[in-house]
Amino acid sequence: MALKATICKATLRIANVDSHYYRDHALTLARHPSETDERMMLRILAFALHADEALQFGRGISTDDEPDLWQKDLTGVIERWIDVGQPEEKLIRKACGRARQVFIYSYGGHDAGKWWHRVGAGIERCENLTVHHVTQATCKALASLSGRNMELQCTIQDGHAWMASDEASFEVELTVLKTATPRP
């Protein structure tokens with residue numbers, strides 16, 4: 001018998017001073033049986049960093065044709081495609097062709113370095129792609145906040161982000177690997 005996804009709920013309070021976005025979101029996440037606490041919490045972090053009323057979670061880890069999160073406009077055009085992990089070059093190129101903006105949040109320490117060495121040169125010309133690496137310290141701190149029911153806060157100011165719960169608070173450490181080319 002196949003294992004079913006675990007349903008996790010999070011109340012996420014976002015205060016983004018940089019973009020003047022202040023909202024509370026009631027999130028429901030389906031956690032795939034093979035998904036780690038780190039990965040699930042990185043999806044929540046990615047939501048917080050790109051928060052918008054139209055931003056939605058994709059169908060999950062086993063679906064290649066959908067990202068972890070995406071935002072579509074009213075006509076169905078994909079505005080933002082957001083993935084967590086280490087997608088293959090082919091999938092990154094496909095995402096860049098389908099969406100106006102693509103964001104990838106890699107994690108995994110040494111493995112992430114190997115991944116970037118393998119795909120970095122091949123995706124350098126993808127002008128609408130931004131890639132960040134989430135440090136292991138941040139991943140570990142995020143995983144410690146994981147639970148079936150979570151109360152979380154994310155504050156973003158001057159390009160820095162902080163995550164917090166009632167038990168912990170920490171700065172989110174991201175390393176920029178590639179920045180999208182600004183459109184004229």
Side-chain angles (χ1 to χ4, degrees), residues 8 10 12 14 16 18 27 29-52 55-71 78-146 150 152 154 156 159-163 168 170-182:
C8 298
L12 179 60
I14 300 170
N16 189 333
D18 293 349
L27 305 177
L29 293 93
R31 181 176 168 190
H32 191 275
S34 67
E35 187 174 30
T36 64
D37 287 343
E38 277 184 355
R39 189 173 193 291
M40 181 184 72
M41 295 306 293
L42 282 169
R43 290 194 294 144
I44 292 174
L45 173 64
F47 185 96
L49 295 174
H50 298 276
D52 187 277
L55 187 61
Q56 299 178 349
F57 288 99
R59 285 188 283 173
I61 202 168
S62 59
T63 310
D64 281 344
D65 62 338
E66 282 188 16
D68 291 308
L69 297 119
W70 56 3
Q71 179 180 334
I78 303 169
E79 294 285 335
R80 289 186 190 149
W81 178 292
I82 304 167
D83 264 329
V84 171
Q86 301 167 7
E88 293 299 321
E89 181 180 337
K90 180 181 175 183
L91 293 174
I92 296 169
R93 289 181 174 284
K94 183 178 177 181
C96 289
R98 292 180 63 194
R100 290 191 176 139
Q101 294 178 304
V102 177
F103 296 89
I104 297 173
Y105 291 90
S106 73
Y107 68 100
H110 188 66
D111 289 342
K114 288 180 183 177
W115 166 78
W116 183 246
H117 183 71
R118 190 176 73 247
V119 302
I123 58 174
E124 194 59 40
R125 291 185 298 167
C126 297
E127 294 180 352
N128 59 338
L129 175 65
T130 299
V131 182
H132 289 96
H133 176 70
V134 184
T135 66
Q136 284 200 276
T138 295
C139 289
K140 186 176 180 179
L142 283 168
S144 74
L145 302 178
S146 177
M150 300 170 272
L152 304 169
C154 182
I156 302 166
H160 297 278
W162 293 267
M163 287 292 289
F170 54 91
E171 184 173 0
V172 173
E173 297 177 52
L174 300 173
T175 303
V176 178
L177 300 178
K178 182 186 180 322
T179 304
T181 307

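Residues take their numbers from the sequence shown, with the count starting at 1. Quick caveat: nothing in here was measured; it's all calculated off a predicted structure.
Heavy atoms of other residues, nucleotides or ligands lying less than 6.0 angstrom from CD of Glu127 number 12 at most.
Partners of Thr135 according to the side-chain hydrogen bond (donor to acceptor under 3.5 Å, both in side chains) rule, which considers only residues two or more places apart in sequence or in another chain, are Thr138. For the side-chain hydrogen bond (donor to acceptor under 3.5 Å, both in side chains) test, no residue two or more places apart in sequence or in another chain qualifies with His132. Under the rule for a salt bridge (Lys or Arg N to Asp or Glu O under 4.0 Å), Arg80 has no partner lying at least two apart in sequence or in another chain. A search for salt bridge (Lys or Arg N to Asp or Glu O under 4.0 Å) contacts involving Glu88 returns Arg118, not counting sequence neighbours. For Glu79, the side-chain hydrogen bond (donor to acceptor under 3.5 Å, both in side chains) partners are Arg100, not counting sequence neighbours.
Taking the six-membered ring where tryptophan is involved, the planes of His160 and Trp162 are tilted, since the angle between them lies from 30° to 60°. The aromatic rings of Trp70 and Trp81 sit perpendicular to each other, their planes meeting at more than 60°, with 30° as the lower class boundary.
For Ser106 (side chain) and Gln86 (main-chain N/O), no donor-acceptor pair under 3.5 Å exists by modelled atom type. Without hydrogens or angle criteria, Asp83 side chain to Asp68 main chain gives a donor-acceptor distance under 3.5 Å.
Applying the salt bridge (Lys or Arg N to Asp or Glu O under 4.0 Å) rule to pairs touching residues 102-114 yields nothing, sequence neighbours excluded.
Scanning both residues, Arg43 and Arg31, for their nearest heavy atoms gives NH2-CA, 4.4 Å. Summarising the geometry of Ala51 relative to Ile14, their closest heavy-atom pair is CB-CD1, 3.3 Å, with the distance given to 0.1 Å. Contact between Leu177 and Trp116 at its shortest, heavy atoms only, is O-CZ2, 3.6 Å. The two residues Tyr107 and Arg39 have their closest heavy-atom pair at OH-CB, 3.3 Å.
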